Each structure stands twice: as structure tokens, then as C-alpha cells.
Chemist: 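So that we are looking at the same thing, I have put the structure below in C-alpha cells.
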There are 4 protein chains.
Amino acid sequence: MKQQQKPKYKQIIDAAVIVMAENGYHHAQVSKIAKQAGVADGTIYLYFKNKEDILISLFQEKMGLFVEKIRQEIAGKSTSKEKLLTLIQKHFSMLAADHHLAIVTQLELRQSNKELRLKINEVLKGYLMVVDEVLTVGKETGEFRDDLDVRLARQMVFGTIDETITTWVMNDQKYDLTAIAPRVHDLLIKGFGATP
Amino acid sequence: MKQQQKPKYKQIIDAAVIVMAENGYHHAQVSKIAKQAGVADGTIYLYFKNKEDILISLFQEKMGLFVEKIRQEIAGKSTSKEKLLTLIQKHFSMLAADHHLAIVTQLELRQSNKELRLKINEVLKGYLMVVDEVLTVGKETGEFRDDLDVRLARQMVFGTIDETITTWVMNDQKYDLTAIAPRVHDLLIKGFGATP
Amino acid sequence: MKQQQKPKYKQIIDAAVIVMAENGYHHAQVSKIAKQAGVADGTIYLYFKNKEDILISLFQEKMGLFVEKIRQEIAGKSTSKEKLLTLIQKHFSMLAADHHLAIVTQLELRQSNKELRLKINEVLKGYLMVVDEVLTVGKETGEFRDDLDVRLARQMVFGTIDETITTWVMNDQKYDLTAIAPRVHDLLIKGFGATP
Amino acid sequence: MKQQQKPKYKQIIDAAVIVMAENGYHHAQVSKIAKQAGVADGTIYLYFKNKEDILISLFQEKMGLFVEKIRQEIAGKSTSKEKLLTLIQKHFSMLAADHHLAIVTQLELRQSNKELRLKINEVLKGYLMVVDEVLTVGKETGEFRDDLDVRLARQMVFGTIDETITTWVMNDQKYDLTAIAPRVHDLLIKGFGATP
DNA sequence: TATGAATGAGCCTTCATTCAT
DNA sequence: AATGAATGAAGGCTCATTCAT
């Protein structure tokens, strides 16, 4: 189980994802995470303040990569429609590529207490800001409706994506999530006042 | 605290809603619920198999009322668009009218473990079926697009409604949720291929 | 190990004395105390707030009896000299009669942290007040020196008694502690200005 | 924090006194002592067998100085009464001059476990022997009572001194401890059969 | 039906000590 | 001699559930 090459910080976070996906949030004991990471229990506390800190860091680390990757991909697209499609595709494909992470973000981390969830929401804001930017630019360029309520639209984008992924995870990831992206995009876009 | 007139079953469920809203999922001990309901701890187990059973029953009871009320209201509307608007309005207004219940459904019950959430999803299916019916009829009558993916559209409806309410609850229910319903409806409808 | 007749509160305190005397302060786990008392671990927490509360209660309970018994015995004596002798004798005899308690008060409880020791000192004040009263009355009746510094004298009384008992406990209670009382009394009294 | 000139052995002991006085026995971790001493954790173990060894060495080192200083001072006095007064004065003044050490000897080191305290008592014997010598000589020269029980008297001397200092430390060293020495001496002496 | 005292399994975190460098 | 990252054992407390009354 030893993964000597990775720095211990990432090693522990990756272990936490696996343990939580396989055992569930409430059975993800620190000792299990340590064993999975190939370190002693005490070593965890050289890198994290406490158990909660592991989970927040996990979310920050992964969601940070998410936002970064999505920003990169989006930058290469010219229209807002394309940017939104890319965002959905990337979001879907990254979770489809990491089954464990999908379970953790869609099911397990939601079981955390209100305090932890508030901190997770802080991290989420970075993602929501990307959505807001795409929508705002789309309004300015005339791709999206002039009277589009950006906040509501963002809730629709995020709510739809989230619900779609959760449904997919709950169905044991049986179908191809990435393939659905264009249809989700289509549904959203047409609501945004685009002409077909 | 005694509520002698109500049968103990409902008495306990109502107590659970209050205790969970005020203390959070993880601090909603059976003993607290019992005290709030004005019965002894042991009495709970004469009406419910275990703690999980209280929560599922709570959800069933409340969501059952939800679906019933929504079905009634919808029945009086002629077009699918109106039905959908009514569904959203009713959903919003019922939660806006019961702050405790809103907190419980949007925040607290999500902290339950995977198994409980799967059971809750079973209960939710009744609600989703109503949405499906509205969408399907809308397709048949030509109000909605011919090529509408009902399952995806339903996820969009539910995901958007859910995200909107959760955002509202997390913002301490500061603004008028019911007032937003028409705009949410508008966003959704236009995505469904309706002509303005 | 069951002692059904005693109320559980006293049952647990007595168990704590035994466990602490036999295992030492730092090895007096709650689970050991529970087993000794013949109750479940959780039952402890129906009668005490936490582990510290057991120890404070133990000290209050025992020291309360101490002060009460000593007050009773002293009341029957006419002179302050006799009262002081009685106090020493009773203190010695009560600890000589309960080896476990002697170990706990002289050795184990001193290992508690500063916070707990401050609370224990609060309880001790009741005992010190009895000493003060005896000394003050003795001054007024002329049995003790007019210029006696009551606070210093009280420290001498308590310090001497305490050191004597601790030495005796550390020597495994090999000799007859009670037999020493008159000589300790003699040493103290003559220092208080008594004429031989 | 580096104290390059002092040999590391003393450097660590002095650090232990400061850390223990400022943080308390139970928060005086080896790592804190190492940081205060300006050395690495592991270095401690090049000079001391284990943590207990630091504390015993601390006590030996400091108490050794104590006994030595007191012996020196006493040697210059002719009568046993003067010797006893000097002993008390020196004991008081040395602790009054080192607040940290006073806290450590009177409060913190008492929290150590029974084994450590037994070893500390071994060290204390050197001090008690000095007291015994003073008392024995005093008996021989006729300054103290013929029938004085030296062991009891020693317990009274030590118990009174100890209790007096502890009370002073617990009162945050508010008053002048050294000034009390003559009155403590007076109380003790008169109890030893001296004629005023 | 109703009670509520009693049960006991389960886990995060600290810190003295080691050892490869 | 010196370092400091890594180790891993150990225990107080909560709370869902039971059962004698």
C-alpha cells in the first residue's frame, strides 16, 4: 500500500477519498485512512489539524483542480455557449474518470455537519464564480438573453449538473455520463434565450 | 409541551422536525425528540422500529402531503405550463410556510447515511412521477418540445428547484422565495422549447 | 462485584477509591471504575458529569464526612487543647481505618491537575475552618498564646498532620498511626505557648 | 532562545523548569522543553534516559544546590536555634528568588506519578538529614527537649515549611515569604521545648 | 400502553520515544 | 553529536436501544 513517491499530504488525501468512497462518510475512521495511506495514525496529524481538516483539504484540493482545469479548457473556447458546454463536459468527464471521487463529492461529503458544509460551500464559490462569468459574458455578447437573472441561471446550471451527476452515481454509474453533456447543455441553453 | 389531542405517531414526527431543525441532524437524539413530544424514550419504540424509521416516516408523511397538495392544485390547471408553474409555486410556498421543515429537508436530512438517503429517494419518486406526468403530457399536447428528454428535463426541474430552495435556506430565508417562482418557471419553460 | 443495596452514586465513589488506590491516579480508567462498581461504563455518566466530577465528588463526600465527624467529636470536648488532640486523633484514625482512602488522599489525588486541585482546595477550606476555630477560641480562653498567628499556626497544624500521614502511607502504613497522635499534639501545643 | 555557553545538560534542565512553570506538568511536553532549550527533540535523549529522568535530574540538581547552600550557611552558626532559623530563611529566600522553581517544586512536580515521587523522596532525604542533624545536636546541647522525637519533629519542620510555601505559591506569591521565616521558626522552636 | 434507568460499542487525538541521515 | 519526521498505544464519552416494572 506504500506510495513513497507522492508527498505524504497528497498521499493522505487520496487515501481519504478511497476510504470514504468504500466505507462511507461515517465509517471513514482516521485509522483506516492512515492504513490506506501507508502511514501511522499519528502521521496524519503532522499534515492535518484534525479529521475535519482532511476533508476540507480534500475538497479544496480536488475542487481547486476542477476549477483550474475547467478555466483552462474554457479559455480556449470563443463563444459562451461553447464555454458552458465545455464546463459541463469537463465536470462530467472528470467525475466519470474518478468513480471514488464522484461518490465522495455527490454522496459522502454531504453527510458532513453544517459547519463543514459551510466551509465546503466557501470552496464551491470559486466554481460558481466561473459559471457566473460565463453567463455574464454571454449576456454582454448577446448570446444569452438580455434579461437573464444570472443568479437564478447559475442555480439552474449548478442544480441541474449536480442532480444529473447524483442520479448517475445513485444508479451505480451504469450509463455514460459524459455522453449526456450535450443534451444537458442544450436544455440549459435554450432556456437562456438562445435561438436554435 | 404535551399535545394530547394528536395521535402519538404524528406527535413524534412533528417533534422530530422541530428538534432536528433547531439542533441539527447529529444532535437530534431520540431522547430530545421524546422530550419534545412529551413522551418517554421507550414510547418512541412502540410507534417506530428505530430512529431511522422516524426520519423515513417523517419524510414520507410530509412528502406525501406535498405530492397530494400539488396534485390537487395541478388538477385545476388546464395547460402543462400552468401545471408546472403551480408545482413550483406550491413547492416554494409550502416550504416558505414551514421554516423548520425547510431546514430539515434541505440541510439536515442530507446528513443521513447512504442507506437512509436511498430510502428517502424511494419516497421522492412519487414527486418525480408528478413532474414526469406534467412533462409527458406537455410533450403530447405540443406545449413542450417533441424531442424533450423527459428524464433529463425532470432532473433539471428538480435540480433547479432544489438548488434554489437550498440557497434560500442557507441565506437564512432572507428573501421571498415564493416571489421567485415565476422566474424559475420562465427559465425552465423556455428551455423546454416553448415559444415566448 | 455487585453491591445492589447501596445507591449507585456511593457505589461508584467507593469503586473509584478502590481502583485509584490499587492502580494509581493515572491508571484509574472510567471503565475500571465501572467494572469495580458493577455497572456499565455509560451508567457512570448518569451520576457524574465526567471523570473529574467523580474525583471531586469523591473528595467532597469523604472530606465532608471527615469534617462532620470531627466537628461532632470536638463538640464534646471542653478545652481547646482537647479539641485539637481529638481532631488529630480522629483524622489519623479515620485514615488508618481506610487504607485505600489514605492512599488516595495522600498520594493519588495530588497527581491531579492544577484545576482539579484548586477545586479540592475549596473543599479543604471547610476543614481548615475547623482548625481556625479551635485556635481562635484557644487564644480567647488563654489556653494558647495571645500573640499566636492563627494563619501560620493553622499551616503548621495542617502541614504537620499531612506530612505525618504521608510519611506513614509511604512507609506502607507499617506502624500504628493513631498511636502517634498524642506526640504530634504535644509538639504542636507546646509551640502554641502552652505551659508543660 | 539559544544558550550556547551552558553545557546542554543544564540547558535542558533549566528549560524544563521554565516550561513546566509556565505550562504545568501535564503540558510540559518533551518537544516544548527541547524548543525552549534550543535543541532538537532527539538531542534530549543523548543527555537523559527518558522524560522522567529529566525531572528527577532537575530535582536532584536543584535540591542538591539547596542542601549545599543550606549546609554552608548553617556551618557559620553556633547554636541549633540559629541553624534552624537559617535553614528556614534560606529555604524561603531561595524559592522566593526563583518563582519558576517555586511553582515547579510546590505544585507541578507533585502531579508526577507515585514512582517518580518515590524517587524524588530519595533525593529529599539529603535535606531531611540536615534537619535531623540540627535537631539531634540541639538535643545534645540541651537547646531542645531531652525527650524530643526527632523523626516527628523533622516531619513537623518539613510539613510546616512545605505547607507555608505551598500556601504562598497558591496565593500567587503575593506577600513576602522571607519575612515570615522568624515567626515560623518561633512557632517551631517553642514546640521543641525551648524556653523563651 | 407507557416508562426511563441501564447498557456498551465505538473512535479521535496526543506525545514520549526511535532511528535513518 | 545532532536532527526531526515518523511512530502507535491508549481512553473518555455519547446515545440508540432494551426491558423490568
Side-chain angles (χ1 to χ4, degrees), chain A residues 2 4 7-9 11-12 23 26-35 37-54, chain B residues 7-9 12 23 26-35 37-55, chain C residues 2 4 7-9 11-12 23 26-35 37-55, chain D residues 7-9 12 26-35 37-55:
Chain A
K2 290 232 176 150
Q4 296 289 10
K8 289 212 164 46
Y9 178 82
Q11 202 168 315
I12 291 166
N23 300 276
H26 290 293
H27 292 100
Q29 296 97 335
V30 171
S31 61
K32 265 188 200 150
I33 296 173
K35 180 174 279 182
V39 301
D41 292 17
T43 305
I44 301 269
Y45 292 87
L46 296 176
Y47 297 89
F48 300 91
K49 219 171 70 239
N50 49 35
K51 187 179 175 180
E52 187 180 71
D53 190 30
I54 306 177
Chain B
K8 287 210 167 50
Y9 178 82
I12 292 167
N23 300 276
H26 290 293
H27 292 101
Q29 295 93 339
V30 171
S31 60
K32 261 188 202 152
I33 296 174
K35 180 174 280 182
V39 301
D41 293 17
T43 306
I44 299 269
Y45 291 88
L46 298 175
Y47 294 89
F48 299 91
K49 215 171 74 234
N50 50 33
K51 187 180 177 181
E52 189 178 72
D53 190 28
I54 306 176
L55 306 184
Chain C
K2 290 235 176 147
Q4 296 288 10
K8 290 213 163 46
Y9 178 82
Q11 204 169 314
I12 291 166
N23 300 276
H26 290 293
H27 292 99
Q29 296 97 334
V30 171
S31 60
K32 266 188 199 149
I33 296 173
K35 182 175 279 183
V39 301
D41 292 18
T43 305
I44 301 269
Y45 293 88
L46 295 177
Y47 295 90
F48 300 92
K49 219 169 70 236
N50 50 35
K51 188 180 176 180
E52 189 180 70
D53 191 30
I54 306 177
L55 306 184
Chain D
K8 288 209 167 49
Y9 178 82
I12 291 167
H26 289 293
H27 293 101
Q29 295 94 338
V30 171
S31 60
K32 261 188 201 151
I33 296 174
K35 179 175 278 182
V39 301
D41 293 17
T43 307
I44 300 267
Y45 291 87
L46 298 175
Y47 295 90
F48 299 92
K49 215 171 74 235
N50 50 33
K51 187 181 178 180
E52 188 178 73
D53 191 28
I54 306 177
L55 305 185

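Residue numbers begin at 1 in each chain, while the letters A, B, ... track the order of the sequences. As the structure is a computational prediction, the values presented were derived from the model and not from experiment. Heavy-atom basis, side chains included; hydrogens, waters and symmetry copies ignored.
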Chemist: Report the distance from atom NZ of B:K35 to atom P of F:dC15, rounded to the nearest whole Å.
Modeler: 13 Å

Chemist: I need the CD1-P distance between A:I44 and F:dA5, as an integer number of Å.
Modeler: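 That distance rounds to 16 Å.
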
Chemist: Hunt down the Watson-Crick or G-U wobble partner of F:dA20, both distances under 3.5 Å, from any strand shown, or write none.
Modeler: E:dT3

Chemist: Between C:A28 and C:I33, which heavy-atom pair has the shortest distance, and what is it?
Modeler: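 So the minimum-distance heavy-atom pair works out to O-CD1, 4.1 Å.
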
Chemist: Measuring to OP1 and OP2 of F:dA2, would you say a side-chain N or O of D:K8 lies under 4.0 angstrom away?
Modeler: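 True: D:K8 side-chain N/O within range (under 4.0 Å) of F:dA2 OP1/OP2.
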
Chemist: Using a cut-off of 6.0 Å, state whether more than 12 heavy atoms not belonging to D:H26 lie near its atom NE2.
Modeler: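 It does: D:H26 NE2 has more than 12 such atoms within range.
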
Chemist: Looking across every strand, which nucleic acid part, if any, lies under 4.0 Å from D:Y47 by heavy atom: base, sugar-phosphate, or nothing?
Modeler: sugar-phosphate

Chemist: Of C:H27 and B:K49, whose nearest nucleotide on DNA chain F comes first from the 5' end?
Modeler: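 The answer here is C:H27.
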
Chemist: So does A:K32 get a side-chain nitrogen or oxygen closer than 4.0 Å to the phosphate oxygens (OP1/OP2) of E:dC11?
Modeler: no

Chemist: Whole angstroms only, please: what is the OH-C1' distance between C:Y45 and F:dC15?
Modeler: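 In whole Å, F:dC15 C1' and C:Y45 OH are 13 Å from each other.
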
Chemist: Once you round it to whole Å, what is the distance between C1' of E:dG4 and CD1 of B:I33?
Modeler: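 So the two atoms are 17 Å apart, to the nearest Å.
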
Chemist: Just call it for C:V30: base, sugar-phosphate, or nothing, with non-hydrogen atoms closer than 4.0 Å on any strand.
Modeler: sugar-phosphate

Chemist: Between A:F48 and A:D53, what is the shortest heavy-atom contact and its length?
Modeler: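 What the structure gives for the nearest pair is CA-OD2, 3.4 Å.
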
Chemist: Under 4.0 Å between a side-chain N/O of D:S31 and OP1 or OP2 of E:dC15, yes or no?
Modeler: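 No, because none of the side-chain N or O atoms of D:S31 sits under 4.0 Å from OP1 or OP2 of E:dC15.
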
Chemist: Would you measure the distance from the C1' atom in E:dT1 across to the matching atom in F:dT21 and give it in whole Å?
Modeler: 13 Å

Chemist: Can you tell me how far P of E:dT14 sits from CG of A:N50, to the nearest Å?
Modeler: 8 Å

Chemist: Using the side-chain heavy atoms of A:T43, tell me which of these nucleotides is nearest: F:dT3, F:dT7, E:dA6.
Modeler: F:dT7

Chemist: Pick the closest DNA chain F nucleotide for D:D41 and for B:E52 by heavy atoms, then say which residue is nearer the 5' end.
Modeler: D:D41

Chemist: How long is the line joining CG of C:L46 and P of F:dT18, in whole Å?
Modeler: 18 Å

Chemist: Who is the Watson-Crick or G-U wobble partner of E:dT14, with both distances under 3.5 Å?
Modeler: F:dA9

Chemist: Nearest-Å distance, OH (A:Y9) to C1' (F:dA6)?
Modeler: 19 Å

Chemist: B:K8 pairs by side-chain contact (heavy atoms from CB on, under 4.5 Å) with which of B:T43, B:I44, B:L46?
Modeler: B:T43

Chemist: Look up atom CG in D:D41 and atom OH in D:Y45, then write down how far apart they are to the nearest 0.5 Å.
Modeler: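 These two atoms lie 8.0 Å from each other.
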
Chemist: Is the phosphate of E:dT13 approached by A:K51 (side-chain N or O, under 4.0 Å from OP1 or OP2)?
Modeler: no

Chemist: Once you round it to whole Å, what is the distance between P of F:dC13 and CD of C:Q29?
Modeler: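 Going from C:Q29 (CD) to F:dC13 (P), I get 13 Å.
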
